[in-house]
Amino acid sequence: MTRPAVLLFSLTLVTLPWTSSAEPEAASAAAAASVSATRIRADVEFLADDLLEGREAATRGYELAARYGAAALKSAGYAPGADDGSYFQQVPLLESTPASATMRLTADGATTDIPMPGEAILGPSAVRPSVEVTAQVVFAGFGVTAPEFGYDDYAGVDVKGKIVALLLNAPARLPSEPRAYYASADHKLKNAADHGAVALITLLGPDDVKRSPWEQLKTHFGRPTLTWLDADGSPVPSEKRLQAAAYLSPEGSARLFAGAPMTFNDAVEAGRRSEPRGTALKATLTMRSATSHARVSSPNVVGFLEGSDSSLAATSVVLTAHLDHTGVLPEGNGDRINNGAYDNATGSAILLEVARVLAAQPVRPKRSVVVVLVTAEEKGLLGSDYFAHHPVKVAGRIVANVNLDMPVFLTASTDIVAFGSENSTLDEVVRKAVEDVGYTLSPDPMPEENIFVRSDQYSFVKRGIPAVYLVPGFTAKDPAVNGQQVFGGFLASHYHRPSDDLSLPMDLQALERFTRANLSIAQAIANDPVDPAWKPGNFFGKMFAGSN
């Protein structure tokens, strides 16, 4: 799962043994019964091995993972899916490496440098080799304009030619998935530029750093970033009208409000009530940076299984999981390899198993199935965004996407969360499929985390394609276990850290059962002669329908 420009998590880990001793579950179909947890685990053990050095996009370790994925798809009977006749859709990327960065603040009559990365992180520019911008700072709440909900943080606030400072996330009074959209970097960057801002600063409050400690975030300072390149060489996604973007810690954020009509704590409290008040601050900020650029590439791995129904084979269901992770920590003692065993070697291994079982059935699915192990998810959903903008020819008309990202099996659960299913007619398909395997379907248990925009299915949603993202729910099979604490503990202790490795426990029976549910959903969509459709009046349907 990509590191968000939204809140992360921090709860308590309940350590459970790696076990497959729970009572057997009846298979819902002969094909589903052939799912093998042992085979999935074997794939995880290769993909999360130190040999692959954390599978960071555009590295040798990722290339090894991509070759492994392609070999597995070929062995399962999938044809090469890329337009060049291979299994590799190369994603052209621009690597932006920071050479220098400073931030100087004048507030309440005093001029100081904001220490980096102690209190600030100024990212490299994908469009400019050097940046120098000096402007007044204006606070504009969350930076959200949501006319459907009668909400606009820019109302009565003039940010033209100014540096806009924004709270992380979006107002809690917005519904879960629209809130995720409005909290996304896509919306905030474009909205700031539309209102004439020249740069953007994201302010982290006390609640934010509880979920995502600043000590962890600042490890990204000085590291290269990636964007994909369009045919004309333009970096995508990139808001070219903004000259700079930065994050401030709570201490750095408080500096901006010196002498202002409100304190930073006042702004945070107003944000908690979904009532932040925009105001010009008595602060002028100078942001300087230098960036070097280099072109690299990293492949999406694409396999194609032609549909068995001549009238439906020209349509496809795209099944995705991101193959990349975050590589090797640049410094530190001890283990520095971010193996990404759960994030997302496990999701990739489940996808490979679903692909195997689909291809091994006596009759193939009616629609074609395109399996994509995507690259650079951890860099901002880049591989899936590129694929959604440049779908391979064999995919024909894509009717739906089913995505897997960081399913955690520290304990068995009785429910599944299907992010995005309620937006379209996939809702009933998903509900029936998971119930057939013995699960219940639960709503988003953490709406404040904006998970829906943080994984690869969102790239398809933005192209107008109904999509669903599946994870095990928080209702533990063992009533003595708090499933939310188990998952939250993983996030607090292992997410994007070297400890997300093969030493973590994994309930193999829970893994197998979840895989059967994923298989059932993919089969149901691929065999349904009726295209999935956005529900009438759905927020994402209205926002993106017709984008593809």
Side-chain angles (χ1 to χ4, degrees), residues 2 81-83 89 91 177-178 180-181 184 186-187 228 236-237 300 302-305 307 312-322 347 351 354-355 358 365-377 380-405 418-430 433 451-470 518 521-548:
T2 188
D83 290 348
Q89 182 192 42
V91 180
E177 291 191 354
Y181 165 79
S184 69
D186 286 353
H187 172 75
W228 64 266
V236 182
N300 292 326
V302 188
F304 173 69
L305 187 69
L312 295 173
T315 67
S316 68
V317 178
V318 176
L319 309 181
T320 52
H322 76 87
L351 177 55
V354 167
L358 283 173
K366 293 179 180 180
R367 297 184 191 271
S368 295
V369 174
V370 180
V371 174
V372 189
L373 295 163
V374 298
T375 188
E377 187 269 358
L381 315 184
L382 300 184
S384 60
D385 194 49
Y386 184 84
F387 183 94
H389 281 81
H390 303 281
V392 293
K393 293 176 182 177
V394 294
R397 182 168 56 83
I398 300 171
V399 301
N401 166 245
V402 181
N403 184 50
L404 291 167
D405 187 359
F419 294 102
S421 65
E422 68 273 22
N423 297 314
S424 71
T425 54
L426 291 176
D427 195 17
E428 287 307 310
V429 175
V430 170
I451 290 174
F452 185 64
V453 303
R454 290 173 49 189
S455 194
D456 291 303
Q457 78 292 329
Y458 190 55
S459 296
F460 293 87
V461 169
K462 290 192 296 182
R463 302 297 289 167
I465 299 168
V468 61
Y469 162 33
L470 305 170
N518 182 264
I521 290 167
Q523 284 178 305
I525 301 170
N527 286 322
D528 190 343
V530 179
D531 291 357
W534 299 103
K535 290 182 179 178
N538 175 260
F539 174 81
F540 291 103
K542 291 190 295 183
M543 188 70 66
F544 298 120
S547 298
N548 192 20

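Keep in mind that the numbers below use all heavy atoms, side chains included, and drop hydrogens, waters and symmetry copies.
- Distance CZ/F419 to CZ/R454: 9.0 Å, rounded to 0.5 Å.
- Atoms CD1 and CG, on I521 and L470 in that order, are 4.5 Å from each other to the nearest 0.5 Å.
- Between L382 and V91 there is no side-chain heavy-atom pair separated by less than 4.5 Å.
- Here N518 contributes atom CG and L404 contributes atom CG; the two are 4.5 Å apart, rounded to the nearest 0.5 Å.
- Nearest heavy-atom pair across V371 and A355 is CG2-CB, 3.9 Å.
- Minimum interatomic distance between I525 and P532 (heavy atoms only, all atoms of both residues): CG2-CG, 4.3 Å.
- Of the inter-residue distances, the one linking I465 atom CD1 with Q457 atom CD reads 12.5 Å to the nearest 0.5 angstrom.
- The minimum heavy-atom distance linking L381 with S455 is given by the pair CD1-O, 3.5 Å.
- With hydrogens and angles left out, the side-chain atoms of N401 and T320 include a donor and acceptor closer than 3.5 Å.
- With rounding to the nearest 0.5 Å, the separation of CZ in F460 from CZ in F544 is 14.0 Å.
- Below 30°, between 30° and 60°, or above 60°: for F539 and Y181 the angle between ring planes is above 60°, a perpendicular geometry.
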Check the pair D427 / K535 against side chain to side chain contact (heavy atoms under 4.5 Å, CB included), numbers first and verdict last. CA-CA 10 Å; D427 195 17; K535 290 182 179 178; 3.1 Å; yes
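- Closest non-hydrogen pair, A313 versus S368, comes out as O-OG, 2.7 Å.
- Ring-plane geometry between H390 and Y386 is classed as tilted, the angle between the planes lying from 30 to 60 degrees on a 0 to 90 degree scale.
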Verdict with reasoning, L319 to L358, per side chain to side chain contact (heavy atoms under 4.5 Å, CB included): CA-CA 12 Å; L319 309 181; L358 283 173; 4.0 Å; yes
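- With hydrogens and angles disregarded, no donor-acceptor distance shorter than 3.5 Å links the side chain of N423 to the backbone of G541.
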Before giving the answer on side chain to side chain contact (heavy atoms under 4.5 Å, CB included), spell out for F452 and Y469 the whole-Å C-alpha distance, their side-chain angles and the decisive distance to 0.1 Å. CA-CA 8 Å; F452 185 64; Y469 162 33; 5.6 Å; no
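- Within the 4.5 Å cutoff, the side chain of V372 has no heavy atoms near those of the Q89 side chain.
- When every heavy atom of A395 is checked against every heavy atom of S316, the shortest pair comes out as O-OG, 2.7 Å.
- Partners of D186 under the salt bridge (Lys or Arg N to Asp or Glu O under 4.0 Å) rule, at least two apart in sequence or in another chain, are K462.
- At distances below 3.5 Å, not a single donor-acceptor pair connects side-chain atoms of R397 with backbone N or O atoms of A314.
- Of all non-hydrogen atoms in A82 and V392, the two that sit nearest each other are CA-CG1, 4.0 Å.
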Apply side chain to side chain contact (heavy atoms under 4.5 Å, CB included) to residues E177 and N538 and explain how you reach the verdict. CA-CA 11 Å; E177 291 191 354; N538 175 260; 6.0 Å; no
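- Distance alone, capped at 3.5 Å, is enough to place a donor-acceptor pair between the N300 side chain and the T375 backbone.
- A side-chain donor-acceptor contact under 3.5 Å links T425 to the backbone of A533.
- Atoms NZ and CH2, from K542 and W534 in turn, are 13.0 Å apart once rounded to the nearest 0.5 Å.
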